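On a predicted model such as this, the values are computed, not experimentally measured, just so you know.
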Amino acid sequence: MKLSVPGRATGAVVVAAVTLLTTGAISGAAPAQTAAAAAPDIPVANVKAHLAQLQSIATANGGNRAHGRTGYKASIDHVKAKLDAAGFTTTLQQFTSSGRTGYNLIADWPGGDANQVVMAGSHLDSVTAGPGINDNGSGSAAILETALAVSRAQYQPTKHLRFAWWGAEELGMVGSKYYVNGLSSANRAKISDYLNFDMIGSPNPGYFVYDDDPTIEKTFKDYFAGVGIATEPETEGDGRSDHSPFKNVGIPVGGLFSGADYIKTAAQAAKWGGTSGQAFDRCYHASCDTASNIDDTALNRNADALAYAVWTLSS
């Protein structure tokens, strides 16, 4: 997530969902539970393995994965290789910002109605200060593992599925703006849903759902309600992440967020656990945003919610 400026963004869970459905513990929740069972569980160990790779890349490239640096290019090449091997059609978009070359990676899953596109995205760049494992390795790794789950299942959705990893978000959503600005009005109209995932494994986490498009918001809230997790509307990240360029041209957007430098309140700590009076992520935009700066439970829950939304909205 980019720095604050005027205008700002942000496993067995399925077993629990099925148990709640079969026991009738949640009144009226059957549609959400049925859909949750249809979506695959996203193994948090796999997401963590992707984060370990991003950490290794940063360590080998000056400690960061920032725009225009070797660590960023190595990161996007790593993700692209995984997707190419899994049967996605990948496109590397090149752009220039601050005198340095940046890249977006777009991955399309074959099939589905090309006039109705469900798109999930995250920024892959870090700040120069550190490796950016929560911000935003967490979103990038969860989207990658969800895309690989699509391939493993040979999922055939009604709508077309597209995944994206954005460059230069930390400089003002440069990569996602470049992508959106390059779309014709007809192609913009084909994107029925854009889902954004920026910081979803914060070490002192909250569970925040973007309150933008009502259908997307309800999809996420249904999932979390179905597994007994309270959520709050996402306000810390408004205007600060890659959903903004999509929202600004009228594309329906939504997403998840686990908190950055805002302080967790006592009420939030009572609801979610963790420590009140501390930031959701004390290592936000710092050198300590490493592989140890992740809450596995939050990462697991948000990755499963991501997959649930992709399956639900595309079917």
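Annotation: Phe208 is in aromatic contact with Phe280 [ring centroid separation under 6.0 Å]. Here Tyr194 and His243 keep their ring centres 6.0 angstrom or further from each other.
Judged by distance alone, the side chains of Ser122 and Ser140 do bring a donor and an acceptor atom under 3.5 Å apart. One side chain, Thr70 or Asn61, offers a donor N or O that lies under 3.5 Å from an acceptor on the other. Side-chain contact annotation: Asn134 with Ser202, donor-acceptor N/O pair under 3.5 Å present. Under 3.5 Å, the side chains of Gln278 and Asn204 contain no donor-acceptor pair of N or O atoms.
Side-chain N or O atoms of Asn187 include none that pairs as donor or acceptor with a backbone N or O of Leu183 at under 3.5 Å. The closest donor-acceptor contact from the side chain of Glu236 to the backbone of Asp261 lies under 3.5 Å. Panel note: side chain Ser192, backbone Val117; a donor-acceptor pair is recorded below 3.5 Å. Between the side chain of Arg65 and the backbone N or O of Asp125, no donor-acceptor pair lies under 3.5 Å. Side-chain N or O atoms of Trp272 include one that pairs as donor or acceptor with a backbone N or O of Ala230 at under 3.5 Å.
We find the OG-CD distance between Ser241 and Glu169 to be 4.5 Å, quoted to the nearest 0.5 Å. Interatomic distance, Phe246 CZ to Asp212 CG, rounded to the nearest 0.5 Å: 13.0 Å. Note that the CG atom of Leu256 and the OG atom of Ser138 stand 10.5 Å from one another [nearest 0.5 Å]. Taking CH2 from Trp165 and NE2 from His78, the interatomic distance works out to 11.0 Å, rounded to the nearest 0.5 Å. A distance of 11.5 Å separates CG of Leu51 from OG of Ser292, quoted to the nearest 0.5 Å. Of the inter-residue distances, the one linking Gln268 atom CD with Ile263 atom CD1 reads 10.5 Å to the nearest 0.5 angstrom.
Side chains of Arg100 and Thr96 form no contact here, defined as non-hydrogen atoms less than 4.5 Å apart. Considering only heavy atoms from C-beta on, Asp113 stays 4.5 Å or farther from Thr158 through its side chain. Looking only at side-chain heavy atoms (C-beta outward), Asn64 and Val127 stay at 4.5 Å or farther from each other. Considering only heavy atoms from C-beta on, Asp281 comes within 4.5 Å of Asn293 through its side chain. A heavy-atom distance below 4.5 Å is found between the side chains of Gln55 and Thr290. In this structure, Tyr207 and Asn302 have side chains that are in contact, with non-hydrogen atoms separated by less than 4.5 Å. Val180 is listed as a side-chain neighbour of Arg188, based on a closest heavy-atom distance under 4.5 Å. Annotation: side chain of Trp311 is in contact with side chain of Pro40 (closest heavy-atom distance under 4.5 Å).
Ion pairing between Arg162 and Asp108 holds under the 4.0 Å rule for side-chain N and carboxylate O. Between Lys159 and Asp193 a salt bridge is recorded (basic side-chain N to carboxylate O distance below 4.0 Å).
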Please test His160 against Met119 for side chain to side chain contact (heavy atoms under 4.5 Å, CB included), starting from the C-alpha separation and ending with a verdict. CA-CA 8 Å; His160 181 75; Met119 190 170 184; over 6 Å; no
Assess the residue pair Ser126 and Asp135 against the criterion (side chain to side chain contact (heavy atoms under 4.5 Å, CB included)); give the C-alpha distance rounded to whole Å, side-chain angles, the decisive distance to 0.1 Å, and a yes or no. CA-CA 7 Å; Ser126 73; Asp135 184 15; over 6 Å; no
May I have the step-by-step check of salt bridge (Lys or Arg N to Asp or Glu O under 4.0 Å) for Lys221 and Glu232, ending in yes or no? CA-CA 9 Å; Lys221 289 173 73 174; Glu232 291 184 7; over 6 Å; no
Do Thr128 and Arg69 pass the side chain to side chain contact (heavy atoms under 4.5 Å, CB included) test, and can you show the C-alpha distance, the side-chain angles, and the key distance before you say yes or no? CA-CA 9 Å; Thr128 56; Arg69 310 298 178 94; 3.5 Å; yes
Using the side chain to side chain donor-acceptor pair (under 3.5 Å) rule, take Tyr155 and Ser315 through it: C-alpha gap first, then chi angles, then the decisive distance, then the call. CA-CA 10 Å; Tyr155 179 42; Ser315 64; 4.6 Å; no
Run the numbers on Ile42 and Leu306 for side chain to side chain contact (heavy atoms under 4.5 Å, CB included), then give the verdict. CA-CA 9 Å; Ile42 300 299; Leu306 190 170; over 6 Å; no
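Residue-environment remark: NZ (Lys82) stays at or below the threshold of 12 foreign heavy atoms within 6.0 Å. Within 6.0 Å of NZ in Lys48 there are more than 12 heavy atoms belonging to other residues, nucleotides or ligands. Other residues, nucleotides and ligands place no more than 12 heavy atoms under 6.0 Å from the CD atom of Gln156. No more than 12 heavy atoms of other residues, nucleotides or ligands lie within 6.0 Å of NZ in Lys218, so this atom counts as exposed by the packing criterion.
For the side-chain contact (heavy atoms from CB on, under 4.5 Å) with Leu195, the lone residue among Val253, Val310, Thr146 that qualifies is Val310. Checking Tyr178, Tyr179, Tyr103 one by one against Phe95, the ring pair (Phe, Tyr, Trp, His ring centres under 6.0 Å) holds for a single residue, Tyr178.
Transitive grouping of hydrophobic side chains (ILVMFWY, heavy atoms separated by less than 4.5 Å) keeps Val174 and Leu92 in distinct clusters. In the hydrophobic clustering of this structure, Met199 groups with Tyr210; members are Ile, Leu, Val, Met, Phe, Trp, Tyr whose side-chain heavy atoms approach within less than 4.5 Å, directly or through other members. In the hydrophobic clustering of ILVMFWY residues, with side-chain heavy atoms under 4.5 Å counting as a link, Ile200 and Val209 come out together. Under the 4.5 Å side-chain heavy-atom criterion for ILVMFWY residues, no single connected hydrophobic cluster contains both Ile191 and Leu313. Residues Ile216 and Val249 do not share a hydrophobic cluster, clusters being chains of Ile/Leu/Val/Met/Phe/Trp/Tyr side chains in contact below 4.5 Å.
Residue Lys177 comes nearest to Pro245 through the heavy atom pair CG-CG, 3.5 Å, listed as atom of the first residue, atom of the second, then distance. Taking all atoms of both residues into account, the shortest heavy-atom contact from Gly167 to Asn104 is N-OD1, 3.0 Å. Considering every non-hydrogen atom in both Gly274 and Ala269, the closest pair reads O-CB, 4.0 Å. Of all heavy-atom pairs between Phe220 and Gly254, the closest is CE1-C, 4.4 Å. Residues Ala86 and Leu148 approach most closely at CB-CD2, 3.7 Å, considering heavy atoms. Counting all heavy atoms, side chain and backbone alike, Ala168 lies closest to His67 at CB-ND1, 3.7 Å.
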